[in-house]
**Student:** 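Before I ask anything, let me first share the structure, which is written out below as structure tokens.
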Amino acid sequence: MLRAAVIGAGIGGLAAALRLRHKGYHVTVFEKNDYAGGKLHAIEKDGYRFDLGPSLFTLPELMDELHQLFQEKVDFDYSSQETACHYFWEDGTQFQAPAQPSKFASKASEVFNEPKKNIGKYLENSKDKYETTKSLFLEKSLHKASTYLNRDTLKAIAKIPLLGITGTLDSYNQTFHNPKLTQLFNRYATYNGSSPYQTPGIMSMIPHLEIGLGTYYPQGGMHRISQSLYELADKVGVEFRFRESVTSINQKNNTVTGISTDHQDYEFDLVVSNMDIFPTYKKLMPDVKEPKRTLEQERSSSALIFYWGIDHEFPQLGLHNILFSEDYPTEFQHIFEHKTLFEDPTVYINITSKLSPEDAPAGCENWFVMINAPGDYGQDWDQMVKQSRKNIIAKIKKVLNVDVEPLIQTEYILTPQDIEKNTSSYRGALYGAASNNKFAAFLRHPNFSKIKNLYHVGGSVHPGGGIPLCLLSAKITADLIPDAQ
Ligand code: FAD
């Protein structure tokens with residue numbers, strides 16, 4: 001039986017391992033940590049459970065599809081959410097955004113005094129962009145000639161100039177009269193770690209994923225997503241070697257021969273790296289000529305997260321909550337240009353105990369409090385954490401009219417440095433490279449390599465970061481690999 005190694009048990013690595021197993025390979029996953037899931041991990045602290053990484057689950061059918069390969073069903077229930085997000089501004093404006101286009105348009109029209117027709121049209125365009133481009137940008141390798149020899153792709157390419165990629169997302173979103181609605185739709189740039197003032201207008205397709213196709217909550221929390229993939233892989237015979245760090249990808253005559261780890265050397269017929277593409281080149285194959293333009297791409301934003309056990313319940317909050325900055329352009333300038341944090345940050349609060357009461361003691365809530373942050377460029381994170389904590393508490397006080405400081409029963413903090421340490425993501429980027437230029441999609445590393453039988457999956461390669469895209473990247477990669485027989 002042909003033998004495949006997967007480097008890393010992140011969501012991309014787990015999905016690739018399952019797909020290779022389905023293709024008949026004997027698969028071994030090497031993971032430096034003692035757990036599977038990478039960024040999709042969780043902790044328990046003082047009676048509270050916290051998902052450490054992703055909080056938004058879209059396109060659950062990609063999870064179903066992986067299980068169906070083995071005639072299995074996803075072993076957790078997931079429910080679609082009526083409300084996509086609760087939005088708050090300092091002047092008291094609140095908007096509970098329905099995750100359904102016509103309801104969204106009606107309600108947003110009332111709250112923001114914007115013609116319903118404009119909002120409906122925006123959401124229809126978002127859907128149109130998504131439907132037109134998904135076959136080109138999300139489902140196939142962008143780097144194979146065969147991709148461009150198909151009717152759907154050619155149609156998508158012909159339509160690209162009409163899709164609003166000439167300006168930035170912010171300039172596209174100026175279509176709204178009310179700046180709050182522009183700000184709300186600008187926020188979708190952060191779904192791939194970019195700035196709305198730089199990322200192209202085509203990113204206005206992202207709202208369709210959430211408002212059109214729906215947002216979901218997995219019972220048991222986001223951690224169930226990575227755990228169910230790990231459990232399935234284990235069940236179907238994928239071998240896991242935890243606490244074993246890969247130190248090199250070995251090759252001869254430009255063909256992969258195996259890997260070395262901090263334990264020993266192994267021979268393999270095929271290797272798939274789920275490690276961030278930057279350290280894959282720099283650390284695992286320092287002698288291989290690197291794709292300079294790809295590795296020099298600006299990294300996506302990172303995050304600073306406070307996990308707070310809160311001794312109180314807040315009926316005005318939902319599962320996803322956003323407290324908007326009063327000055328969004330300056331906030332992004334701080335993150336992407338000054339590589340620092342703005343004093344008036346946009347604060348995201350995710351509370352899974354709203355839907356899974358067992359995640360917090362009775363009468364309490366588990367708050368995941370996140371602000372977008374620059375990657376780690378050697379800043380003084382101790383100082384930045386201290387200052388941001390004060391700024392976040394002040395922001396919550398201004399918006400919700402409550403001082404949460406005395407309500408914090410327990411605390412855990414994750415910085416960009418921690419994210420890099422835990423997962424090897426260069427500079428702690430959440431989504432690999434940023435999409436802050438028109439060519440970003442084409443500059444992402446392909447899912448294959450110039451070295452024969454070496455492949456790449458996960459958030460730092462095509463088609464990009466986030467759970468759905470990582471799952472799609474494993475599918476694209478597996479489609480490039482022949483069956484083992
Ligand atoms: P990773 O999860 O980074 O996994 C890589 C794995 O490889 C790790 O387990 C690492 O330990 C292992 N590894 C690395 N080097 C080696 C080596 N040399 N040897 C062995 N093992 C190695 N996405 C969403 O869809 N929705 C969200 O709401 C969302 N929010 C986020 C919030 C935060 C705070 C973070 C951190 C991320 C968020 N994301 C979100 C992004 C999402 O988590 C990632 O895009 C995705 O999980 C990346 O998966 P991956 O498989 O590419 O890599």
**Student:** Within the distance-only criterion (no hydrogens, no angle test), does the side chain of Ser300 pair as donor or acceptor with the backbone N or O of Ala433 below 3.5 angstrom?
**Tutor:**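 Checked: no pair found.
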**Student:** Quick one: does any side-chain atom of Lys127 pair with a main-chain N or O of Gly212 as donor and acceptor, under 3.5 Å?
**Tutor:** no
**Student:** Considering only heavy atoms from C-beta outward, does the side chain of Leu20 approach that of Thr477 to under 4.5 Å?
**Tutor:**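 They are not in side-chain contact.
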**Student:** Locate the shortest heavy-atom distance separating Pro279 from Ser424; write the atom from each residue and the value.
**Tutor:** CG-O, 3.3 Å
**Student:** May I have the step-by-step check of ring-ring contact (aromatic ring centres under 6.0 Å, His included) for Phe185 and Phe104, ending in yes or no?
**Tutor:** CA-CA 12 Å; Phe185 281 106; Phe104 184 102; 5.7 Å; yes
**Student:** Hey, could you give me the NZ/SG distance between Lys475 and Cys470, rounded to the nearest 0.5 Å?
**Tutor:**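 SG of Cys470 is found 15.0 Å from NZ of Lys475.
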**Student:** For His26, give me all partners under ring-ring contact (aromatic ring centres under 6.0 Å, His included), at least two apart in sequence or on another chain.
**Tutor:** none
**Student:** Report yes if some heavy atom in the side chain of Leu270 is under 4.5 Å from a heavy atom in the side chain of Val256; otherwise report no.
**Tutor:** no
**Student:** Mind checking whether Phe50 and Tyr48 have parallel, tilted or perpendicular rings, split at 30° and 60°?
**Tutor:**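 Plane angle under 30°, so parallel.
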**Student:** Could you check whether the rings of His320 and Tyr348 sit parallel, tilted or perpendicular, using 30° and 60° as the cut-offs?
**Tutor:** parallel
**Student:** With rounding to the nearest 0.5 angstrom, report the OG to CD1 distance, Ser126 to Ile206.
**Tutor:**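 Taking OG in Ser126 and CD1 in Ile206, the distance rounds to 8.5 Å.
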**Student:** I need the minimum non-hydrogen distance between Asp265 and Ser260, along with the two atoms involved.
**Tutor:** OD1-OG, 2.8 Å
**Student:** Mind checking whether Tyr188 and Glu210 have side chains closer than 4.5 Å, heavy atoms only?
**Tutor:**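 Contact flag for Tyr188/Glu210 side chains = yes.
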**Student:** If you compare all heavy atoms of Tyr426 against all heavy atoms of Glu420, which two are closest, and at what distance to 0.1 Å?
**Tutor:** CA-OE2, 3.8 Å
